[in-house]
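Presented below is the structure to which this report refers.
Hydrogens, waters and symmetry mates play no part in the numbers below; they use all other heavy atoms, side chains included.
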Amino acid sequence: MAEYVFIQNYTKRGKLGISRVCFEQIVQTIVNRMQGVKVLPNSNKYVFMFHKPVHCDIVNDKVQITIQVKISAGQKVNEICEKIQQEIAEELTTMTELVPFSIKVKVANIE
């Protein structure tokens, strides 16, 4: 598993590397500014945490994003999840241009 995605010949000035942590921060910011949905907060109850609410893996130069969210009661889950995927896809396409990615949304809580 790689830590960076590299874009070759970025604006004809060389290579640009984007960290998976950068993708995680971008995704978390996008989701948290949407209404009716929030990224599941990190839990400090446990000493060892195996799952982060926003997790990115880079496999074969493709970014695989998994997000765990909580949705407000009364929302249509399907529509919210599709909207999350669409917003993230648009923003990442605008910011990173040629980086391929996949987005998985897991609803962990409804409040």
Kindly determine whether L92 and V99 satisfy side chain to side chain contact (heavy atoms under 4.5 Å, CB included), including the steps that lead there. CA-CA 8 Å; L92 287 180; V99 177; over 6 Å; no

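V31 and V21 are not part of a single hydrophobic cluster, where members link through side-chain heavy atoms under 4.5 Å apart. In the hydrophobic cluster analysis, where Ile, Leu, Val, Met, Phe, Trp and Tyr join through side-chain heavy atoms closer than 4.5 angstrom, I18 is grouped apart from F6.
How far CZ of F101 is from OG1 of T96: 6.0 Å, rounded to the nearest 0.5 Å. Annotation: the span from T29 atom OG1 to E91 atom CD amounts to 10.0 Å, rounded to 0.5 Å. Taking CG of N109 as the reference point, atom CD of Q68 lies at 11.0 Å (rounded to 0.5 Å). Remark: S19 OG to E3 CD distance equals 6.5 Å, nearest 0.5 Å. Put simply, SG on C56 and CD1 on I26 are 9.0 Å apart, with the number rounded to the nearest 0.5 Å.
Inter-residue side-chain proximity for L40 and V69 is flagged as unmet; no heavy-atom pair is nearer than 4.5 Å. Side-chain contact between K52 and E24 is present, with at least one heavy-atom pair separated by less than 4.5 Å. A heavy-atom distance below 4.5 Å is not found between the side chains of V54 and F23.
Checking side-chain atoms of D57 against main-chain N and O of I65 turns up no donor-acceptor pair under 3.5 Å. With hydrogens and angles ignored, the 3.5 Å screen pairs no side-chain donor or acceptor of K38 with any backbone N or O of K70.
Of all non-hydrogen atoms in A73 and I110, the two that sit nearest each other are CA-CG2, 3.9 Å.
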Side chains of residues 75-87: which donor-acceptor pairs under 3.5 Å do they make with residues two or more places apart or in other chains?
from: Q85; atom 1: NE2; to: I103; atom 2: O; distance (Å): 3.0
from: Q86; atom 1: NE2; to: E90; atom 2: OE2; distance (Å): 3.4

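No more than 12 heavy atoms of other residues, nucleotides or ligands sit less than 6.0 Å from atom OH of Y4.
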